Amino acid sequence: MGLLTLCLVAILAGHTTPAAIAQFGRLRQKRLGHALGFKNGNMPCANTIAGLLRKLDADHLDRIIGAWLEDRHPDGWEHLALDGKRLCGSRDGDVPGTHLLAAYAPQASAVLAQMTVEATTNEHKAALRLLDVLPSLGGTVVTADAMFTHADVCAKVVQKGGDYILYAKGNQSELRRDIETAFAAESGGFSPLGSGTVG
């Protein structure tokens, strides 16, 4: 546990490589080492930190952190945002960088869960897996960009008890037409497109 805590503290201070994390620890000497529970207060070397990070089950750690956050927010989440990003600096030559899809809770300023988007799939399919591992979404509004505007994603959010706000872009002409028709029927001619255009 001390190793992970050292990594967390060092990363928050801007040190993101095993060598930089080890140096961060050494510069703070035994006082921090004792506080983190290291025997004799001695800080780990870069190889020890790198070995830990290689063996770490990131998905399992995500589940632990998500459960910890959920325990501290028993009333659930008002809003979750789904978004995918490629990790900066994770590309290695011809090997593409690590692509993650995250469920972010703004009220906690925290990622509740995230999944790797494998090269053989896409964010849409990863979102279905991510929604499966999230707790109940009762009372939660899920937002995401137009990449996630698919019937199966919407159905999954509703199945988990949540609501959703998703974009309908110009290339989804049939969906946009259906939305405009539904609004017009329910509101006496009101169009969600207004006088301008929706991107």
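All figures in this text were calculated on a predicted structure; none of them were measured in a lab. Residue numbers start at 1 and run along the sequence shown.
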Pair up each side-chain donor or acceptor in residues 28-53 with any protein partner under 3.5 Å, not counting sequence neighbours, and list the distances.
residue: Arg28; atom: NH1; partner: Phe24; partner atom: O; Å: 3.0

Name the atoms and distances for all side-chain donor-acceptor pairs under 3.5 Å in residues 143-151, with sequence neighbours left out.
residue: Thr143; atom: OG1; partner: His79; partner atom: NE2; Å: 2.7
residue: Asp145; atom: OD1; partner: Met147; partner atom: N; Å: 3.1
residue: Thr149; atom: OG1; partner: Ala146; partner atom: O; Å: 3.4
residue: Thr149; atom: OG1; partner: Tyr167; partner atom: O; Å: 2.5
residue: His150; atom: NE2; partner: Met147; partner atom: O; Å: 3.2

Please set out all donor-acceptor pairs under 3.5 angstrom arising from side-chain atoms of residues 11-21, sequence neighbours excluded.
residue: Thr17; atom: OG1; partner: Ala20; partner atom: N; Å: 3.1

### Task
Check the pair Glu123 / His99 against side chain to side chain contact (heavy atoms under 4.5 Å, CB included), numbers first and verdict last.
CA-CA 9 Å; Glu123 288 187 13; His99 188 175; 2.7 Å; yes
### Task
Let me see the working for Asp152 and Lys125 under side chain to side chain contact (heavy atoms under 4.5 Å, CB included), right down to the final yes or no.
CA-CA 9 Å; Asp152 52 0; Lys125 297 301 182 187; 4.2 Å; yes
### CA sep, side-chain torsions, deciding dist, call: Thr140, Leu134, side chain to side chain contact (heavy atoms under 4.5 Å, CB included)
CA-CA 12 Å; Thr140 302; Leu134 289 174; over 6 Å; no
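Taking 4.5 Å as the limit, every side-chain heavy atom of Val153 sits out of range of all side-chain heavy atoms of Val142.
A distance of 6.5 Å separates NZ of Lys160 from CG of Asp132, quoted to the nearest 0.5 Å. The distance from atom OG of Ser136 to atom CD of Gln159, rounded to the nearest 0.5 Å, is 11.0 Å.
Ala127 and Leu82 get closest at one heavy-atom pair: CB-CD1, 4.4 Å. Closest of all the heavy-atom pairs between Ala102 and Leu130 is C-CD2, 3.9 Å. What you find for Lys85 and Asp83 is that their closest heavy atoms are NZ-OD2, 2.7 Å. Here the shortest heavy-atom pairing between Ala126 and Leu101 reads C-CD2, 3.6 Å. Leu100 and Val117 make their closest contact through C-CG2, 4.2 Å (heavy atoms, listed as atom of the first residue, atom of the second, distance).
Cluster membership check: Trp77 does not share its hydrophobic cluster with Val141, using side-chain heavy-atom separations under 4.5 Å among Ile, Leu, Val, Met, Phe, Trp and Tyr. Hydrophobic cluster membership differs between Ile64 and Leu112, with clusters built from Ile, Leu, Val, Met, Phe, Trp and Tyr side chains linked at under 4.5 angstrom. Tracing side-chain contacts under 4.5 Å through hydrophobic residues (I, L, V, M, F, W, Y), one reaches Leu4 starting from Trp68; they form part of the same cluster.
Listed by chain and number, the residues in a side-chain contact (heavy atoms from CB on, under 4.5 Å) with Tyr104 are Pro106, Ser109, Val111 (sequence neighbours excluded). Qualifying side chain to side chain donor-acceptor pair (under 3.5 Å) partners for Gln114, counting only residues two or more places apart in sequence or in other chains: none. Remark: Asp178 engages no residue in a salt bridge (Lys or Arg N to Asp or Glu O under 4.0 Å) (not counting sequence neighbours).
The 12-atom threshold is exceeded at CD of Gln107, counting heavy atoms of other residues, nucleotides or ligands nearer than 6.0 Å.
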